[in-house]
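This report concerns only the one structure given below.
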Amino acid sequence: MIFLTTAIDYPNGSPHIGHAYEKVLTDVLARYHRLCGQKVYFLTGVDQHGQKMVRTAEEQGVNVATLAKKNTKKFTKLLDALSISNDGWAETIDPTHKACVQKILQHLHDDGQLYKKSYQGYYSIRQEQFLTDQERDTDGNFGPEWGEVEERKEENWYFKLSEHTAWLREAMQSNVVGIEPAFRKNEVLNAIEKAESTDLCISRPKERLSWGIPLPFDEDFVTYVWFDALINYISFAGYLKDDDSELPNFEELWPAHLHVIGKDIMVPAHSIYWPCMLHAIGFSDEQMPNLLVHGWWNIRGEKMSKSLGNIVDPMELVDAVGTDAVRYYLARDIVTGKDSDFDTERLFVLFNSEMANGLGNLLNRSLNMTKASLDGKLESYQHDDEECQLVRKSHASLLENFPQKMAEHDLRGALEALVSFITDVNTFAERTKPWELKKDESKRDQLTAVLHHMCESCALASILLQPFLPDAAAKMQGQLNAAHLAELQIKDLQWGLLPAGQTINKPKPVFPRLQAQETD
RNA sequence: CGCGGGGUGGAGCAGCCAGGUAGCUCGUCAGGCUCAUAACCUGAAGGUCACAAGUUCAAAUCUUGUCCCCGUAACCA
């Protein structure tokens, strides 16, 4: 079983293009694994607890639970709009999750991993954490990034993070916890040093924050939001579930094949806290998850921000250009792990040239000619020549390259391989000129061969496109009149997916060209 | 010397980890084709791969140094 997760989003506002990207990235991987014949469990969700939710609710003058519900809906709507195929849905206010978190806390408490102590120091309200001298700037002050800082003394519960850092360092160096891309690992190793000297405060006094999961052994406190949120990866995977629960079978899912996360939450949450938490709970090295850390979409070289007014709303984008174009662009124009520039013009250009003009047009011309000159039926044929062989060679090399790129999580590379194949087939059409062959009845066998090569190529393209653009792929298969293609797995793919005597359906553009610039 | 990322034809980027003819998309110029979504195909121009030194038979790729740019300042992916 391939267990894939995204980060769970913080619904104190509307989703932006970054949220959309992470979902699409993970969805493409999930669908690809399914295409490989693997069982997949794809989990995504929302992190509804935490002080910031409370503050946002106060600002808007609504009940925090109401706000959580309202904003959560925006995220589920986005999943629909993007055709995300998640199997599970994680909401941290779910009682099942709460029960699991409390069981884990109790276990850690009984195991001596937690202790209570009083701490006096400077507290950043915005960051919801106490500050140490390490956070002071060169002048000895706390910078503006911490917002309002006040001196505060309070008792809290701590997790003995420092007792696990030696193990973590070793685990990181030996790839027990895998991190992609590799260059991110250094950041983690540097961050471990800091964790060695500090334990993690995992509670917040109820008197000042009641919106959270109460500690089972101390009613005066609720759980720190990260400690709560990270556990979603196992709680919704069925860890410590009740017998009558409908959650999946944990032993089948765990460890997570990949936690797909953004670069901002790698350190410390996912690369320090999370492995140490699992280690403390009792998970072995073999049960450690892997991280796929993706980059950010910038806007014209600048960070996306509300103050700059350059936030890209994925819902508006889907409304304007459609699900296919958004999915295609997010998968196509970024190197997994790196940052990229979000550019609507690029979206138009790439989608129009590669999908509409390239693949869509290829399918359309192939079917039209098959319809017009062969009565829509691809009979068996004898003809073969060098041009046909070239197409089959390109077909074979795509079948080799595409899975390789996907295995490296290189979505862009996989799509480039697909586009390159499409170009080869279009070239094939130019050279063999089926529109001339049809004028000579004696060349009917050759014409059939050419059109079959074109349609066969479209059949393969439709299957490889499935993880990226499932709706478009289905439309292509509908026009090819070959619904059976959707049932095939990667290992089944070879030349000859369309049987002799295949009749095709009426062609209709699958990828309408995106028109002009959007009106903003 | 906090940490990290980056500097590649007009634009945007890949390639760098595992050195070996510099690649992709768009743009520009010229041509071809007409089955198709005014789409498709061919050819051309255009780069001292930031700079310098080093290692090597060979460096965009490895090492060292220098100069620039951008994050690390949540809106949080």
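Both backbone and side-chain heavy atoms feed into the values below; hydrogens, waters and symmetry mates do not. Sequence lines set the chain letters: A, B, ... in the order given, protein chains first and strands last, and positions in each chain run from 1.
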Report the nucleotide, chosen from G32(B), C3(B), A77(B), that has the shortest atom-to-atom distance to any side-chain atom of Glu430(A). G32(B)
Rounded to whole angstrom, note down the C1' distance from G15(B) over to A60(B). 8 Å
Once you apply a heavy-atom cut-off of 4.0 Å, does Gly295(A) come out as touching a base, just sugar-phosphate, or nothing? base
Using a heavy-atom cut-off of 4.0 Å across all strands, would you classify Asn12(A) as base, sugar-phosphate, or nothing? sugar-phosphate
Remember a base hit wins even if backbone is also touched, and classify Ile265(A) as base, sugar-phosphate or nothing at under 4.0 Å, heavy atoms. sugar-phosphate
Base, sugar-phosphate alone, or nothing: which one does Gly18(A) contact when heavy atoms must sit under 4.0 Å apart? base
Which nucleotide, if any, forms a Watson-Crick or G-U wobble pair with C33(B), using both distances under 3.5 Å? none
Pick base, sugar-phosphate or nothing for Lys433(A), based on heavy-atom distances below 4.0 Å to the nucleic acid. nothing
Partner of U25(B) by Watson-Crick or G-U wobble geometry, both contacts under 3.5 Å, or none? A11(B)
Glycosidic conformation of A18(B), taking syn as within 90° of 0 and anti otherwise: anti
Within the 4.0 Å heavy-atom criterion, would you say Asp333(A) contacts the bases, only the backbone, or no part of the nucleic acid? nothing
Integer angstrom distance from the C1' of C3(B) to that of A73(B): 14 Å
Could you tell me the separation between the CG atom of Leu362(A) and the P atom of C40(B), rounded to a whole number of Å? 11 Å
Looking only at the side chains, is there a donor atom on one of His97(A) and Ser235(A) sitting less than 3.5 Å from an acceptor on the other? yes
When you measure from the side chain of Asp27(A) to the backbone N and O of Ser85(A), does any donor-acceptor pair fall under 3.5 Å? yes
May I ask you to evaluate whether Lys303(A) reaches the phosphate of U72(B), defined as a side-chain N or O under 4.0 Å from OP1 or OP2? yes
Against the side chain of Arg346(A), the closest entry in U25(B), C40(B), C75(B) is U25(B)
Provide, to the nearest angstrom, the distance between the CE atom belonging to Met304(A) and the P atom belonging to G71(B). 14 Å
Looking at A52(B), which nucleotide sits across from it as a Watson-Crick or G-U wobble partner, both distances under 3.5 angstrom, or is there none? U64(B)
Close side-chain approach of Thr5(A) and Thr44(A), heavy atoms under 4.5 Å: no
Give me the distance, rounded to whole Å, that separates U72(B) from G19(B) when you measure between the P atoms they each carry. 35 Å
Is there a side-chain contact between Glu456(A) and Leu460(A) in this structure, where contact means two heavy atoms from C-beta onward sitting under 4.5 Å apart? no
Looking only at atom P, what distance separates G10(B) and C35(B), rounded to whole Å? 39 Å
In this structure, how many angstroms lie between the C1' atom of G5(B) and the CG atom of Asn190(A), rounded? 14 Å
Closest to side chain of Arg412(A), choosing from A77(B), C13(B), U37(B): C13(B)
Could you check whether Thr427(A) gets within reach of a base, just the sugar-phosphate, or nothing at all, counting any heavy atom under 4.0 Å? sugar-phosphate
Partner of A74(B) under the Watson-Crick or G-U wobble criteria, both distances under 3.5 Å, comes out as none
Proximal nucleotide (of C35(B), C41(B), C75(B)) relative to the Met369(A) side chain: C35(B)
Categorize Asn357(A) for me: base, sugar-phosphate, or nothing, with a 4.0 angstrom heavy-atom threshold over every strand shown. sugar-phosphate
Sub-3.5 Å donor-acceptor pair from the side chain of Asn352(A) to the main-chain atoms of Leu514(A), do we have one? yes
So what does Val510(A) hit on the nucleic acid, given a heavy-atom distance under 4.0 Å: a base, only sugar-phosphate, or nothing? base
When we call it a touch if two heavy atoms are under 4.0 Å apart, what does Gly13(A) touch: a base, just sugar-phosphate, or nothing? nothing
Give me the atom names and distance for the closest heavy-atom approach of Leu230(A) to Ala269(A). CD1-O, 3.7 Å
For a quick check of understanding: with a heavy-atom distance under 4.0 Å over all strands, which category does Asn361(A) fall into, base, sugar-phosphate or nothing? base
With P as the reference atom in both, quote the distance from A50(B) to A11(B) in angstrom, rounded to an integer. 14 Å
Using a 4.0 Å heavy-atom cut-off across all strands, classify Ser353(A) as base, sugar-phosphate, or nothing. sugar-phosphate
Provide, to the nearest angstrom, the distance between the CE atom belonging to Met266(A) and the P atom belonging to A77(B). 16 Å
Side chain of Arg365(A) (C-beta onward), nearest among C26(B), C35(B), U37(B): C35(B)
Earlier contact from the 5' end, RNA chain B, for Phe75(A) and Asp341(A): Asp341(A)
Which nucleotide wins on minimum distance to the side chain of Pro509(A), given the candidates U37(B), A77(B), C75(B)? U37(B)
Any side-chain heavy atom of Asp80(A) sitting closer than 4.5 Å to one from Thr76(A)? no
If you only use heavy atoms from C-beta on, which nucleotide in A77(B), C40(B), G6(B) is closest to the side chain of Lys338(A)? G6(B)
Arg184(A) has an atom CZ; how far is it from atom P of C17(B), in whole Å? 19 Å
Distance, rounded to the nearest Å, where Trp296(A) contributes CH2 and A74(B) contributes C1': 7 Å
Using the C1' atom in both, what is the distance from A59(B) to C16(B), to the nearest Å? 10 Å
Using whole Å, what does the distance between atom P of nucleotide C76(B) and atom CD of Glu302(A) come to? 19 Å
Report the nucleotide, chosen from A77(B), A14(B), C41(B), that has the shortest atom-to-atom distance to any side-chain atom of Thr423(A). C41(B)
From C24(B), G5(B), A77(B), nucleotide with atom closest to Phe183(A) side chain: G5(B)
Rounded distance in Å between the C1' positions of A53(B) and G4(B): 26 Å
Rounding to an integer number of angstrom, what distance separates A18(B) and U61(B) when you compare their C1' atoms? 11 Å
Minimum-distance nucleotide to Ala7(A) side chain [options: C26(B), C75(B), A77(B)]: A77(B)
Within 45° of the six-membered ring axis of Trp296(A) and under 6.0 Å from that ring's centre, is NZ or CZ of Lys263(A) located there? yes
Donor-acceptor pair, distance only, cut-off 3.5 Å: does the side chain of Arg332(A) make one with the backbone of Arg412(A)? no
Could you state the CH2-C1' distance from Trp435(A) to C33(B), rounded to the nearest angstrom? 6 Å
Classify the nucleic acid contact of Ala356(A) as base, sugar-phosphate or nothing, counting any heavy atom under 4.0 Å across all strands shown. base
How would you label the contact of Ser340(A) with the nucleic acid (heavy atoms, under 4.0 Å): base, sugar-phosphate, or nothing? nothing
